[in-house]
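Everything on this sheet refers to the single structure shown next.
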Amino acid sequence: MYNKALDVLKIFINHGYDAYIVGGYPRDRLLGIKTNDIDICTNAKPKEIMEIFDTTGVSDIKYGAVRVIYKGSLFDVTTFRKDIKYENNRKPVKIKYVADLKKDLLRRDFTINTMCIDVNGNLIDLLGAQRDLARKIIVTVGNPRYRLKEDSLRILRAIRFASYLDFDIDVKTKNYIKKYGYLLKLLSNSRKKEELDKIFATKNKEKGIDLIIQLGLDKYLGLDNLNEIVLCNDILGIWSQLKLSINYPFSKAEKENIDKIREMLNYEIDNFMIYKYGLYIASVVASIKGVSYQKINRIYRNLPIYSKKDIKINGDEIAQILNKEPGSYIKEIMEDLEKMILTGKINNEPDELKDYILVNYGG
């Protein structure tokens, strides 16, 4: 991916433009973190980019952002710009294209995200990013008072980078995050969720959650009991424990899984519960309850059945055994057999199942 990105830079250079790899990739590369998420900035205008490359899938031409496809890989390419005016503490509504790389970097959020890599693989650091990386500190580009008010998403991004990189947030930035935390109420719920998902997904999520609480952001994020949850390695495992006063936009699948996790948390973990909710839900609940995944996986692998289809008798056979016409009673019997097999009270063998049915339903 990196070599493809350098090829993209060469193509820009050959067409008379400047271009650099920018943002998170140079930062992570310097820190030894592997990633394939590569962004590129250039002084080429969007229309010029689209004349040079296959751009099936334009990301946001209004803001000078074009999604370039090169040899099967996607690169988000942005034109050097200066953000003139922001709206609703979030989006720039007026921009100006510029020819100077430094002016483009000055509009970005944190110094650690302002490093670039040129076409020869050289690292370019115009705003002291390496200094702040060495100090392991998150610092805004320019005065945090203005940068956070411009775009309130930067509040959560600061928390996310502190978690992801295990960095500290500098004192001045932290003070203004606390002061302007209320601006998060104006941020769309989808963007809030997107950043929270990333925070909850980091290995160092405890730091991010502690910062949210410490800086008083939980009340603006509608996370009413954030200080009471049990940390686990699953994003939905965290969401399922939260009492939310904001209507976050969960997908249908996310909602279903959150509901299942919440349901299973009310029960003891046993064969039947693991069978009923499945290995994924059971493993999430186990991590919240402090039960090892190895134990859950062992139980799951040793289950006598994994669905009603595995029961070695069917509805027609039950009707024949009882000398009755098939009816709704079969469902009740199958559910009974299911529980009896899973609790080890009977074996999943045809003769034993037949005897059980005759004794308990034959009268």
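As the structure is a prediction and not an experimental result, all values here were calculated from the model.
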Inset, instruction - Decide whether Leu221 and Ile235 are clustered together by the hydrophobic rule: side chain heavy atoms of Ile, Leu, Val, Met, Phe, Trp, Tyr closer than 4.5 Å, transitively. - result: yes
Inset, instruction - Only pairs at least two apart or in different chains count here, so list each salt bridge (Lys or Arg N to Asp or Glu O under 4.0 Å) that has a residue in residues 197-224. - result: Asp166-Lys207, Asp168-Lys207, Lys193-Asp197, Glu194-Lys198
Inset, instruction - Could you tell me which non-hydrogen atom of Ile49 sits nearest to which non-hydrogen atom of Ala44, and how far apart they are? - result: CD1-O, 3.7 Å
Inset, instruction - Go through Ile38 and Val8 one step at a time and tell me if the side-chain contact (heavy atoms from CB on, under 4.5 Å) criterion holds. - result: CA-CA 11 Å; Ile38 301 180; Val8 171; over 6 Å; no
Legend entry - Candidate pair Leu165 and Ile112, rule side-chain contact (heavy atoms from CB on, under 4.5 Å), full reasoning: CA-CA 11 Å; Leu165 301 171; Ile112 60 169; 3.6 Å; yes
Inset, instruction - Say whether, by atom type as modelled, one donor and one acceptor occur between the side chain of Glu317 and the main chain of Asn314 under 3.5 angstrom. - result: yes
Inset, instruction - Using atom types as modelled and distance alone, determine if a side-chain donor or acceptor of Lys149 lies under 3.5 Å from a backbone N or O of Tyr180. - result: no
Legend entry - Asn323, CG: over 12 other non-hydrogen atoms inside 6.0 angstrom: no
Inset, instruction - Step through the shown structure and confirm whether more than 12 heavy atoms of other residues, nucleotides or ligands are within 6.0 Å of CG on Asn120. - result: yes
Legend entry - Qualifying salt bridge (Lys or Arg N to Asp or Glu O under 4.0 Å) pairs, either residue in residues 27-42, two or more places apart: none
Inset, instruction - Report yes if the side chains of Leu186 and Ser152 come closer than 4.5 Å at any heavy-atom pair, otherwise no. - result: no
Legend entry - Distance, nearest 0.5 Å, that separates CZ of Arg145 from NZ of Lys172: 9.5 Å
Inset, instruction - Using the salt bridge (Lys or Arg N to Asp or Glu O under 4.0 Å) rule, pick out the option among Arg160, Arg157, Arg154 that qualifies with Asp109. - result: Arg157
Inset, instruction - Flag the pair Asp132 / Asp170 as yes when at least one side-chain heavy-atom distance between them is below 4.5 Å, and no otherwise. - result: no
Inset, instruction - Drop me the distance from Lys339's NZ to Leu337's CG, to the nearest 0.5 angstrom. - result: 12.0 Å
Inset, instruction - Report the distance from atom OG1 of Thr42 to atom CG of Leu101, rounding to the nearest 0.5 Å. - result: 10.0 Å
Inset, instruction - Answer yes if Phe272 and Ile296 sit in the same cluster of Ile, Leu, Val, Met, Phe, Trp and Tyr residues linked by side chain heavy atoms under 4.5 Å apart, and no otherwise. - result: yes
Legend entry - Asn348 side-chain N/O to Asp310 backbone N/O, donor-acceptor pair under 3.5 Å: yes
Legend entry - Asn297 side-chain N/O to Tyr293 backbone N/O, donor-acceptor pair under 3.5 Å: no
Inset, instruction - Find out whether Leu153 and Arg191 are in side-chain contact, i.e. whether some heavy atom of one side chain is under 4.5 Å from a heavy atom of the other. - result: yes
Inset, instruction - Find out whether Asp118 and Leu9 are in side-chain contact, i.e. whether some heavy atom of one side chain is under 4.5 Å from a heavy atom of the other. - result: no
Inset, instruction - First locate atom OG1 of Thr114, then atom NZ of Lys102, and finally report the distance between them rounded to the nearest 0.5 Å. - result: 10.5 Å
Legend entry - Closest non-hydrogen atom pair between Ser240 and Ile261, with its separation: OG-CG2, 3.2 Å
Legend entry - Any Leu187 side-chain heavy atom under 4.5 Å of Glu195 side chain: no
Legend entry - Side chain proximity check, Gln214 to Lys178, heavy atoms < 4.5 angstrom: no
Legend entry - Lys4 atom NZ, neighbour heavy-atom count above 12 within 6.0 Å: yes
Inset, instruction - May I ask you to check whether Tyr275 and Glu338 show a side-chain donor-acceptor distance below 3.5 Å? - result: yes
Legend entry - Val22 versus Ile40, closest heavy-atom pair with distance: CG1-C, 4.2 Å
Inset, instruction - Kindly assign one of parallel, tilted or perpendicular to the pair Tyr220 and Tyr182, based on the angle between their ring planes and the thresholds 30° and 60°. - result: perpendicular
Legend entry - side chain to side chain donor-acceptor pair (under 3.5 Å) partners for Tyr280, two or more places apart: Asp234
Legend entry - Nearest atoms (heavy-atom pairs only) where Ile330 meets Ala319: CD1-CB, 4.4 Å
Inset, instruction - Kindly determine whether Tyr176 and Asn143 satisfy side-chain hydrogen bond (donor to acceptor under 3.5 Å, both in side chains), including the steps that lead there. - result: CA-CA 10 Å; Tyr176 278 108; Asn143 192 326; 5.1 Å; no
Legend entry - Backbone N/O of Glu352 and side chain of Asp355: donor-acceptor pair under 3.5 Å: no
Legend entry - pair Phe110-Arg147: side-chain heavy atoms closer than 4.5 Å: no
Inset, instruction - If the plane angle is over 60° it's perpendicular, under 30° parallel, otherwise tilted; pick one for Phe200 and Trp239. - result: perpendicular
Inset, instruction - Look at atom CG of Asn14 and say whether more than 12 heavy atoms of other residues, nucleotides or ligands are closer to it than 6.0 Å. - result: yes
Inset, instruction - With rounding to the nearest 0.5 Å, note down the distance linking CG in Leu183 to CD1 in Ile177. - result: 11.5 Å
Inset, instruction - Please name the pair of heavy atoms, one in Asn43 and one in Ala99, separated by the smallest distance, quoted to 0.1 Å. - result: CB-O, 4.4 Å
Legend entry - Donor-acceptor pair, side chain of Gln241 and main chain of Ile229, under 3.5 angstrom: no
Legend entry - Short side-chain to backbone donor-acceptor contact, Asp104 and Arg81, under 3.5 Å: yes
Legend entry - Side-chain touch Thr173/Ile138, heavy atoms, less than 4.5 angstrom: no
Inset, instruction - For atom CG of Asn233, decide whether the heavy atoms of other residues, nucleotides or ligands shown that lie under 6.0 angstrom number more than 12. - result: no
Inset, instruction - Say whether Leu156 and Val139 are linked into one hydrophobic cluster, either directly or through other cluster members, by side-chain heavy-atom distances under 4.5 angstrom. - result: no
Legend entry - Lys289 atom NZ, over 12 foreign heavy atoms within 6.0 Å: yes
Inset, instruction - Examine Leu265 and Leu226 and state if one hydrophobic cluster contains both, with Ile, Leu, Val, Met, Phe, Trp and Tyr joined whenever side-chain heavy atoms are less than 4.5 Å apart. - result: yes
Legend entry - Euclidean distance, Ile155 CD1 relative to Ile212 CD1, rounded to 0.5 Å: 11.5 Å
Legend entry - Heavy-atom neighbours of Tyr267 OH exceed 12 at 6.0 Å: no
Legend entry - Over all atoms of both residues, closest heavy-atom pair of Ile321 and Ile357: CG2-CG2, 4.1 Å
Inset, instruction - Go through Ile159 and Ile199 one step at a time and tell me if the side-chain contact (heavy atoms from CB on, under 4.5 Å) criterion holds. - result: CA-CA 8 Å; Ile159 305 290; Ile199 293 168; 3.7 Å; yes
Legend entry - side-chain contact (heavy atoms from CB on, under 4.5 Å) between Asn225 and Leu242, intermediate numbers included: CA-CA 6 Å; Asn225 63 326; Leu242 290 167; 3.8 Å; yes
Inset, instruction - Following the transitive rule for hydrophobic clusters with a side-chain heavy-atom cut-off under 4.5 Å over Ile, Leu, Val, Met, Phe, Trp and Tyr, establish whether Ile137 and Leu31 coincide in one cluster. - result: no
Legend entry - More than 12 heavy atoms from other groups under 6.0 Å of CD on Glu228: yes
